[in-house]
Amino acid sequence: MNAERRFVEELDDFEDDFDRWYVEVVRKAELADEAPIRGMRVVMPYGFALWENMQAQLDWRIKATGVQNAYFPLLIPRSMLEREAEHIEGFAPEVAWVTQGGSKELEEPLAIRPTSEAIICPMYARWVQSYRDLPILINQWCSVLRWENRPRAFLRTSEFLWQEGHTAHSSLDEAEERTKLMLEVYRDFVETELALPVIPGQKSESEKFAGALRTYTIEAMMGGKKWALQSGTSHNLGDHFGKVFGIEFLNAAGQREYAFNTSWGLSFRTIGAIIMVHGDERGLKLPPRVAPIQTVIVPIWRKDAERETVESAVDGVRESLRDVARVFVDRRDDKTPGWKFNEWEMKGVPLRLEIGPRDVAGNQAMVVRRDTHEKQAIPLDELATRIPQLLEEIQDNMFETAKRMLDENTERVSTYERLKERVAANAGFSRVWWCGDETCEEKVKTETKATIRCIPFDQPGGTGDCIVCGKHSDTEVIMARAY
RNA sequence: CGGGGAGUGGCGCAGCCCGGUUAGCGCGCCGCGUUCGGGACGCGGAGGUCGGAGGUUCAAAUCCUCUCUCCCCGACCA
């Protein structure tokens, strides 16, 4: 047992059993707990506070592009859900149905939304008559239900929290522009606020959203097994949904046209990404910008007399930090300081301030970083300027560390053998040439379990041989196993 | 939904094969005291219809049937 391990004796080993580690961290850091309903979880206050901070940061970014928030019904009549064939085919196996209202059997079963295109598009059809009514740019924060078979806290639960944006446009170009814009919003949000480096790109035909023309995605690499996690998707729906749901309008030339739609979503599954990308053998490590508690103060004393002076110094510090950081003072007197250090590290708090008699005497506080474990004494009157700086440094360092992990575990692979080896060894992402044929894609999936995560926007240029069939290709894709 | 593993005080487990005193242990919890700068200690105490239902039996945590849930692997998915 090494030194790191001793700090977190109750936590399953990070290297040996990453999946178990994940489950343990979720519960012990008090992010979520099991619910008495299959596949569902209770998001606990600490986890929900994290989600609220994330929501706030994503919400303003979405609104800054001209989108407004609204709310649509939870239930979708069967006839509406089934109108778009590919769409319902894609979701049918995981839709839950309401068939009874009170004691009365419903004439038409109502689906609990697995996503809201089928209830939102019919509304858009009512609202649009002219090209002047377009675009419609609406987002909603809600939960959706998909009857999942293998639940995992945040990553895959029957009910999950997300935002789903739905827009309608008068041209395909405009819809395409919006689709890409929202992916960029996601990329910026995830990289800036969550310190998660991602690879933006396009989904292959077989991996795209049910009913979409094109799906764009941001893919992140998780720690542990170095699998991929789709962390946000943006779909160009073309005019399929416009036609099916009758979103018709007269253009400037007086001709009847169908609207072009987009939809885009980011769920609390990205909390799972935060846990798996940044976490370590001591537990959770939260990015300062969204951490519910950015700085925890642990007062230390022995005698009552010491307690008084320490507490008053702590009050002063807390006051001086009021406007610069989210601070929590851990005043519990039934836990020793050492116990608290471990607990707050487990909960991923970016900075810890230790203030004891020695510090009060020296007019300073011991400041400890969660990311580097670096410990330094900082004069009390400098805390208000140093703490925000340190939080920023931690945020940057966490991004850099995650970026290094992504880069170091991504390799250009030119032989199928090597690809198989890498997937089997959980070696990370492989960048390979792909001819575009679904048979080649399928073969890799069946034989190695890796899938095309995306066709990155960032293409190397030039051409090469398809990793499977050897045919000439000008497209490089990311192959990896995914959660 | 297929394969494997597991459900026993809040958590982690033992007991189960081979049915038989009052179902144990560690941690946690409550009280008192001593402690407190990297998971403190002593003494006293509380807490269980052994996941649920049904069955076999004089007797079930233990055997049988059904069922629910969780974890791992596979298929599906944000």
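Sequence lines set the chain letters: A, B, ... in the order given, protein chains first and strands last, and positions in each chain run from 1.
The stretch residues 183-199 of chain A has no heavy atom under 4.0 Å from RNA chain B, so no residue of it qualifies as close.
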Query raised in the report: Could you write nucleotides 69-78 of chain B as a row of B, S and -, 5' to 3', where a protein heavy atom under 4.0 Å of any base atom gives B, of only sugar-phosphate atoms gives S, and otherwise -?
Result: SSSSBBBBBB
Report summary line: Whether each nucleotide of nucleotides 3-11 of chain B has a protein heavy atom under 4.0 Å at its base (B), only at its sugar-phosphate (S) or at neither (-) is summarised, 5' to 3', as ---------
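In this structure, A/G265 reaches neither bases nor backbone, as no heavy-atom distance under 4.0 Å exists between it and the strands shown.
For A/E345, whose side chain is taken as the heavy atoms from C-beta onward, the closest listed nucleotide among B/rC29, B/rC36, B/rG38 is B/rG38.
Legend: side-chain hydrogen bond (donor to acceptor under 3.5 Å, both in side chains) pairs involving residues 267-279 of chain A, not counting sequence neighbours: none detected.
Taking atom CH2 of A/W339 as the reference point, atom C1' of B/rC27 lies 12 Å away to the nearest angstrom. Straight-line distance from the CZ atom of A/R332 to the C1' atom of B/rU35: 17 Å, rounded to whole Å. Residue A/D334 contributes atom CG, which lies 15 Å from atom P of B/rC41 at whole-angstrom precision.
At a cut-off of 3.5 angstrom, the base of B/rG39 holds no donor-acceptor pair with the side chain of A/E343.
Applying the ring-ring contact (aromatic ring centres under 6.0 Å, His included) rule to A/F154 yields the partners A/F268; only residues at least two apart in sequence or on another chain are considered.
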Report task. Fill in the dot-bracket string of RNA chain B, one character per base: . for unpaired, | for a pair to another strand, ( ) or [ ] for pairs within the strand, taking Watson-Crick or G-U pairs under 3.5 Å. Result -> ((((((((.[[[[.)....(...]]]].((((((.....)))))).....[[[[[..)....]]]]])))))))....
